[in-house]
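Down below is the structure, laid out as structure tokens.
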Amino acid sequence: MTSPIKITATQATADKKLLNHEWIELKNEGAAPFNVEGCMVTTALGGGRQRDVTTLKAGIVVQPGERLRLITGSAGKQAHGEAPSVEGVRNVHLFLKAPYLERTGLTLRLVNHAHQELCRAVHAPD
């Protein structure tokens with residue numbers, strides 16, 4: 001079974017304090033809404049050990065054709081910087097305390113609650 005959810009873009013932050021400048025973008029390429037509640041974002045470098053970054057909370061449903069940006073920081077923290085605002089892309093803040101897209105070649109995966117891979121991408125800035 002192929003998942004309709006795809007990771008379409010990644011952006012690291014140059015300043016570790018500006019967590020709202022780091023994000024990954026998801027897109028639902030399917031014909032039905034996709035609930036990402038309970039899905040986990042994981043990272044690994046090369047064939048190395050997988051690191052769980054975060055588990056997505058309740059209420060995050062990606063509509064068909066919708067693009068969703070998972071922003072590392074907090075919406076209410078000015079110190080995290082201004083989150084990007086792009087028409088047609090919904091922002092969801094993860095409220096993490098540190099960046100995780102620190103290395104080129106990092107493999108990002110979105111897995112469901114049973115650890116089945118839904119999608120993957122390799123972080124390659126520019």
Side-chain angles (χ1 to χ4, degrees):
M1 177 176 91
T2 302
S3 168
I5 292 293
K6 305 294 180 216
I7 297 172
T8 57
T10 65
Q11 174 67 50
T13 180
D15 182 337
K16 292 183 181 205
K17 295 177 188 170
L18 298 177
L19 296 179
N20 287 335
H21 293 187
E22 179 179 86
W23 46 264
I24 64 172
E25 187 176 286
L26 304 177
K27 182 176 182 186
N28 181 353
E29 296 181 346
F34 193 90
N35 188 347
V36 295
E37 176 182 349
C39 291
M40 290 189 330
V41 175
T42 69
T43 62
L45 190 58
R49 196 176 121 186
Q50 177 178 297
R51 174 181 155 217
D52 297 343
V53 174
T54 191
T55 300
L56 301 176
K57 305 295 183 226
I60 304 175
V61 176
V62 187
Q63 297 300 321
E66 182 180 22
R67 292 170 34 210
L68 179 79
R69 190 167 281 161
L70 299 175
I71 310 242
T72 299
S74 172
K77 271 200 157 174
Q78 282 186 310
H80 286 181
E82 188 75 24
S85 178
V86 176
E87 188 174 333
V89 181
R90 179 168 51 121
N91 287 342
V92 172
H93 290 268
L94 299 177
F95 303 97
L96 301 178
K97 296 183 186 323
Y100 62 96
L101 294 176
E102 298 164 326
R103 298 178 118 167
T104 298
L106 193 68
T107 299
L108 296 158
R109 295 182 344 139
L110 185 68
V111 298
N112 65 14
H113 62 281
H115 291 276
Q116 296 170 320
E117 183 176 296
L118 300 173
C119 60
R120 81 168 47 202
V122 175
H123 174 60
D126 300 332

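What you see below is based on every heavy atom in this structure, not just the backbone, and it leaves out hydrogens, waters and symmetry mates.
Taking OH of Tyr100 as the start and OG1 of Thr42 as the end, the distance is 10.5 Å to the nearest 0.5 Å. Taking NE2 of His21 as the start and CG of Leu101 as the end, the distance is 14.0 Å to the nearest 0.5 Å. Taken to the nearest 0.5 Å, the CG atom of Leu70 stands 9.5 Å off from the CZ atom of Arg90. Atom CD in Gln11 sits 12.5 Å away from atom CG in Asn20 (nearest 0.5 Å). Atom OG1 of Thr8 and atom CD1 of Ile24 lie 9.0 Å apart (nearest 0.5 Å). One finds the CZ atom of Arg49 at 10.0 Å from the OG1 atom of Thr43 (value rounded to the nearest 0.5 Å).
Under the 4.5 Å side-chain contact rule for hydrophobic residues, Leu56 and Val92 share a cluster. Linking ILVMFWY side-chain heavy atoms closer than 4.5 Å, directly or via other members, places Val62 and Val89 in two distinct hydrophobic clusters. One hydrophobic cluster, built from ILVMFWY side chains closer than 4.5 Å, cannot hold both Val41 and Val111; they sit in different ones. Clustering ILVMFWY residues whenever any of their side-chain heavy atoms sit less than 4.5 angstrom apart, transitively, puts Trp23 in a cluster other than the one holding Ile5. Leu18 and Ile71 are not part of a single hydrophobic cluster, where members link through side-chain heavy atoms under 4.5 Å apart.
A donor-acceptor contact shorter than 3.5 Å is absent between the side chain of Asp52 and the backbone of Thr54. Remark: side-chain polar atoms of Asn35 are not paired, donor with acceptor, to backbone N or O of Val61 under 3.5 angstrom. Distance alone, capped at 3.5 Å, places no donor-acceptor pair between the Asn28 side chain and the Gly65 backbone.
Between the side chains of Glu22 and Thr13, no donor N or O sits under 3.5 Å from an acceptor N or O. No hydrogens or angles considered: nothing links the side chains of His80 and Ser74 as a donor-acceptor pair under 3.5 Å. Gln50 and Arg109 share a side-chain donor-acceptor pair at under 3.5 Å.
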Can you check side chain to side chain contact (heavy atoms under 4.5 Å, CB included) on Ile60 and Leu68, steps first, answer last?
-> CA-CA 9 Å; Ile60 304 175; Leu68 179 79; 3.7 Å; yes
Could you please spell out the steps behind the side chain to side chain contact (heavy atoms under 4.5 Å, CB included) verdict for Glu102 and Lys16?
-> CA-CA 9 Å; Glu102 298 164 326; Lys16 292 183 181 205; 3.9 Å; yes
Could you go step by step and tell me if Leu19 and Lys97 meet the side chain to side chain contact (heavy atoms under 4.5 Å, CB included) rule?
-> CA-CA 8 Å; Leu19 296 179; Lys97 296 183 186 323; 5.6 Å; no
Take Lys57 and Leu94 through the side chain to side chain contact (heavy atoms under 4.5 Å, CB included) test and state the conclusion after the steps.
-> CA-CA 9 Å; Lys57 305 295 183 226; Leu94 299 177; over 6 Å; no
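The two residues Gly48 and Ala44 come nearest to each other via the heavy atoms O-CB, 3.8 Å. Listed here is the closest heavy atom pair of Ala32 and Pro64: C-CG, 3.6 Å. Listed here is the closest heavy atom pair of Leu118 and Ser3: O-CB, 3.0 Å. Contact record, Ala124 with Thr10: N-OG1, 4.3 Å, taken as the closest heavy-atom pair. Closest non-hydrogen pair, Leu108 versus Ile7, comes out as O-CD1, 4.0 Å. Taking both residues in full, the closest heavy atoms of Cys39 and Leu110 are given as CB-CD1, 3.9 Å, listed atom of the first, atom of the second, then distance.
None of Leu45, Thr107, Leu106 except one satisfies the side chain to side chain contact (heavy atoms under 4.5 Å, CB included) rule with His123; the exception is Leu106.
Around atom CZ of Arg103, no more than 12 heavy atoms belonging to other residues, nucleotides or ligands sit under 6.0 Å away.
Between Lys27 and Glu66 there is no salt bridge, since no side-chain nitrogen of the basic residue lies less than 4.0 Å from a carboxylate oxygen of the acidic one.
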